[in-house]
Q: 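Quick one: the structure is below, questions incoming.
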Amino acid sequence: MKIRDLIAAIRNYPALRQALEESNTELDLSRMECAQLQSKINELEPLVDEYYQESCGKEYAANLERQKVEALKKALASFCPALDSTEQLRRFYDTIAPDFDDGGFRLYDAALAISGYPNLPGEFPYEDNCGVFDYADGHQLLRYLTALRFHAVRWEVVPGTTYEKAVLLDVDTATPEYRAFEKQLYTQALRDLGFQGLLPQEQERRIGKQKEKRKEGAER
């Protein structure tokens, strides 16, 4: 090394030493941050494993429950009578209603969808203002809806007002129109409640698919 270079090195030594110390300090800080991150990872790993196991367990349990439900539906379909008449549909609905439609609101919703009335209380303004519909259950609402659909309502002027109150009359349940409505009503309600697999149309579709699969298997 030449004298000139040695002198330059001596002059640069303090700056180089300071830079080295700063680098060592940054390295120590980086090591501390890495150690802290590793500590957090160590803390989180058991939680992640637990969450993963719990999620898998829940998914497995959900799949198992779905399989049980499907098996029960198939068993029910093999034991229950064919729901191919209004009487059978009504009887089956009445059997499951206490557990699946307590209050009859799903039955009313089905009737509302079939009838196409967007706002039943709006069709009975006097009763609506009196709060008749505020605490009515599905069966009471269905009575108003059915009477309106089949023109079984007599309107009477309320004395001293411009309102007319509705007097519900008996609906003629023997007419073909009502019989068709009733069958469609219970069919739709059972479908909405998840029992579509027991309806004749669904059973026929399922049998048709099974025949197609057997035919494809035989051809192979």
Side-chain angles (χ1 to χ4, degrees), residues 69-70 72-209:
V69 170
E70 291 302 321
L72 288 173
K73 284 183 179 180
K74 291 179 181 178
L76 183 60
S78 65
F79 283 103
C80 78
L83 302 179
D84 54 2
S85 68
T86 303
E87 289 73 19
Q88 292 289 4
L89 289 165
R90 187 194 313 113
R91 187 177 296 115
F92 185 81
Y93 169 82
D94 290 340
T95 300
I96 66 168
D99 294 314
F100 290 90
D101 192 23
D102 187 25
F105 288 102
R106 299 298 292 273
L107 188 66
Y108 167 70
D109 288 341
L112 199 62
I114 294 170
S115 301
Y117 291 111
N119 180 22
L120 179 66
E123 304 290 336
F124 298 90
Y126 176 75
E127 286 73 15
D128 187 24
N129 287 332
C130 292
V132 170
F133 300 108
D134 292 346
Y135 300 101
D137 64 13
H139 298 292
Q140 293 167 326
L141 294 171
L142 179 61
R143 185 163 179 259
Y144 276 90
L145 177 61
T146 306
L148 182 66
R149 178 181 173 85
F150 291 96
H151 311 289
V153 182
R154 185 175 71 247
W155 302 96
E156 296 181 353
V157 176
V158 179
T161 72
T162 58
Y163 284 110
E164 288 183 321
K165 67 178 181 179
V167 178
L168 303 185
L169 308 176
D170 291 334
V171 175
D172 187 356
T173 59
T175 64
E177 292 80 10
Y178 179 83
R179 297 289 290 174
F181 166 79
E182 189 179 28
K183 186 173 184 179
Q184 187 180 4
L185 169 64
Y186 285 105
T187 299
Q188 184 63 47
L190 291 176
R191 183 178 289 113
D192 293 342
L193 290 169
F195 291 92
Q196 65 273 9
L198 303 180
L199 299 174
Q201 300 91 331
E202 181 65 23
Q203 290 180 344
E204 290 175 3
R205 187 178 68 84
R206 187 186 306 131
I207 293 173
K209 283 188 175 182

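Given the structure is predicted, the values throughout are model-derived calculations rather than measurements. FYI, the numbering just counts along the sequence from 1.
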Q: Are E182 and Y186 side-chain neighbours, meaning at least one heavy-atom pair lies under 4.5 Å?
A: yes
Q: How far does CD of Q188 sit from NZ of K183, to the nearest 0.5 angstrom?
A: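 Answer for the CD-NZ pair, Q188 versus K183, is 14.5 Å.
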Q: Report the distance from atom CG of L142 to atom CG of L107, rounding to the nearest 0.5 Å.
A: 5.5 Å
Q: Nearest heavy-atom pair of R154 and L169: which atoms, and what distance?
A: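 Between these two residues, the closest heavy atoms are NH1-CD2, 3.5 Å.
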Q: Assign the ring pair Y144 / F124 to parallel, tilted or perpendicular, where the plane angle (0 to 90°) is split at 30° and 60°.
A: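 Perpendicular: the ring planes of Y144 and F124 meet at over 60°.
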Q: Which atom pair, heavy atoms only, marks the closest approach of V157 to T161?
A: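 Closest approach of V157 to T161, heavy atoms only: CG1-O, 4.1 Å.
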Q: Where is the tightest heavy-atom contact between F181 and A111, given as atom of each residue plus distance?
A: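 Closest heavy-atom pair between F181 and A111: CZ-CB, 4.2 Å.
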Q: Quick one about N119 and E123 (side-chain donor to acceptor, distance below 3.5 Å, no hydrogens or angles considered), yes or no?
A: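 Not at all, the side chains of E123 and N119 share no donor-acceptor pair under 3.5 Å.
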Q: State which residues pass ring pair (Phe, Tyr, Trp, His ring centres under 6.0 Å) with F100; sequence neighbours excluded, sorted by chain then number.
A: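 By the ring pair (Phe, Tyr, Trp, His ring centres under 6.0 Å) rule, F100 matches F195.
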Q: Quick one: side chain to side chain donor-acceptor pair (under 3.5 Å) partners of Y93, sequence neighbours excluded?
A: D101
Q: Testing the basics here: between A110 and A189, what is the closest heavy-atom pair and its distance to 0.1 Å?
A: CB-N, 3.9 Å
Q: Please check if the number of heavy atoms outside Y126 that lie under 6.0 Å from its OH is greater than 12.
A: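 No, the 6.0 Å shell around OH holds no more than 12 heavy atoms from other groups.
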Q: Would you call L190 and L83 a side-chain contact if the rule is heavy atoms closer than 4.5 Å?
A: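 Yes, at least one pair of side-chain atoms sits under 4.5 Å.
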Q: Is L120 close to L148 at the side-chain level, that is, under 4.5 Å between some pair of heavy atoms?
A: yes
Q: Under the salt bridge (charged side-chain N to carboxylate O under 4.0 Å, His left out) rule, collect the residues that match up with E87, sequence neighbours excluded.
A: R179
Q: Report yes if some heavy atom in the side chain of V153 is under 4.5 Å from a heavy atom in the side chain of L168; otherwise report no.
A: yes
Q: Working to the nearest 0.5 Å, report the span between CG of L141 and CZ of F105.
A: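 One finds 6.0 Å between CG of L141 and CZ of F105.
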Q: Going from NE2 on H139 to CG on D137, what distance comes out if it is rounded to the nearest 0.5 angstrom?
A: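 With rounding to 0.5 Å, NE2 (H139) is 6.0 Å from CG (D137).
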Q: Sequence neighbours left out, what passes side chain to side chain donor-acceptor pair (under 3.5 Å) with E127? Give chain and number order.
A: none
Q: What pairs with Q140 under side chain to side chain donor-acceptor pair (under 3.5 Å), at least two apart in sequence or on another chain?
A: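 None.
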Q: Are there over 12 heavy-atom neighbours, none belonging to D102, within less than 6.0 Å of that residue's CG?
A: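 No.
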Q: Can you see which heavy atom on G138 is nearest to which on Y108, and at what distance?
A: O-CB, 3.6 Å
Q: Got a sec, which residues hit side chain to side chain donor-acceptor pair (under 3.5 Å) with Y163, two or more places apart in sequence or on another chain?
A: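 Partners of Y163 by the side chain to side chain donor-acceptor pair (under 3.5 Å) criterion, ordered by chain and then number, come out as N129.
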Q: In Å, rounded to the nearest 0.5 Å, how long is the span from CG of L199 to CG of D84?
A: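 So the gap between those two atoms works out to 10.5 Å.
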Q: Does atom CZ of R149 have more than 12 heavy-atom neighbours, drawn from other residues, nucleotides or ligands, at distances under 6.0 Å?
A: yes
Q: Side chains of D172 and Y178: closer than 4.5 Å at any heavy-atom pair?
A: no
Q: Could you grab the distance from atom CG of L145 to atom CG of L112, nearest 0.5 Å is fine?
A: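 Spacing of CG (L145) from CG (L112) equals 6.0 Å.
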